Amino acid sequence: QVQLVESGGGSVQAGSSLTLTCTASGRTAGSYTMAWYRQAPGKEREFVAAVQGRRRNVTEYGDSVKGRFTISRDNTWMTAYLQMNSLTPDDTASYYCSDYAYWGQGTQVTVSS
């Protein structure tokens, strides 16, 4: 059974940085597109970033995080990262990893002013 597990969330002050990690298990290494989404209380799930499987350097970002967040992955395509800089309270949300077939359970990021 495929599992995606996020880690690295926490509570930080505005202006801080965090790195989230998503680790896949239960599948063979391969060229999977991996993405991060987030959902704040009372809001719809929002696209954050994605990195393509076959073209590992091709990334895309949601408008609200462009220039502040960076998505990357390791060579096995089993782990994806989300480097988040210059965090603001608007970034407070549960962050979810997905390969568009499976979803992780999420990790909470809370940014205080």
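All values below come from the heavy atoms of this structure, side chains included, with hydrogens, waters and symmetry mates left out. Bear in mind that the values here come from a model prediction, so they are computed numbers and not experimental data.
Checking side-chain atoms of Glu6 against main-chain N and O of Thr107 turns up no donor-acceptor pair under 3.5 Å. A distance-only check finds no donor-acceptor pair linking the side chain of Gln83 to the backbone of Phe69 [under 3.5 Å]. Checked by atom type and distance alone, the side chain of Asp74 pairs as donor or acceptor with a backbone atom of Thr79 at under 3.5 Å. Side chain of Arg73 to main chain of Tyr32: a donor-acceptor pair is present (N/O by atom type, distance under 3.5 Å, no hydrogens or angles). A distance-only check finds no donor-acceptor pair linking the side chain of Thr33 to the backbone of Gln52 [under 3.5 Å].
From Tyr81, atom OH reaches atom OG1 of Thr21 across 6.0 Å, with rounding to the nearest 0.5 Å. The distance from atom CE of Met34 to atom CG of Asp99, rounded to the nearest 0.5 Å, is 6.0 Å. To the nearest 0.5 Å, atoms CD (Gln1) and OG (Ser25) are separated by 9.0 Å.
Across every non-hydrogen atom of Ala14 and Pro89, the tightest pair is CB-CD, 4.2 Å. Minimum interatomic distance between Leu4 and Ala24 (heavy atoms only, all atoms of both residues): CD2-CB, 3.5 Å. Here the closest heavy-atom approach between residue Asn85 and residue Ser17 is recorded as OD1-OG, 2.9 Å.
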Practice item. Would you check, one step at a time, whether the test side-chain contact (heavy atoms from CB on, under 4.5 Å) holds for Gln39 with Glu46? Key: CA-CA 6 Å; Gln39 188 166 20; Glu46 175 189 15; over 6 Å; no
Practice item. Before giving the answer on side-chain contact (heavy atoms from CB on, under 4.5 Å), spell out for Gln108 and Thr92 the whole-Å C-alpha distance, their side-chain angles and the decisive distance to 0.1 Å. Key: CA-CA 8 Å; Gln108 178 66 36; Thr92 295; 4.0 Å; yes
Practice item. Starting from the C-alpha separation in whole Å, work towards a yes-or-no answer on side-chain contact (heavy atoms from CB on, under 4.5 Å) for Leu20 and Met84. Key: CA-CA 8 Å; Leu20 305 183; Met84 306 185 295; 3.7 Å; yes
Practice item. Take Cys22 and Trp36, measure what side-chain contact (heavy atoms from CB on, under 4.5 Å) needs, and give me the verdict at the end. Key: CA-CA 9 Å; Cys22 172; Trp36 289 94; 3.6 Å; yes
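Under the 4.5 Å side-chain heavy-atom criterion for Ile, Leu, Val, Met, Phe, Trp and Tyr, Tyr96 and Val48 are members of distinct hydrophobic clusters.
Between the side chains of Ser64 and Arg38, a donor-acceptor pair is found at a separation under 3.5 Å.
Looking at Asp91, Leu87, Val111 one by one, the single match for side-chain contact (heavy atoms from CB on, under 4.5 Å) with Leu18 turns out to be Leu87.
In this structure, Phe47 and Tyr37 have perpendicular ring planes: the angle between them is above 60°, well past the 30° mark.
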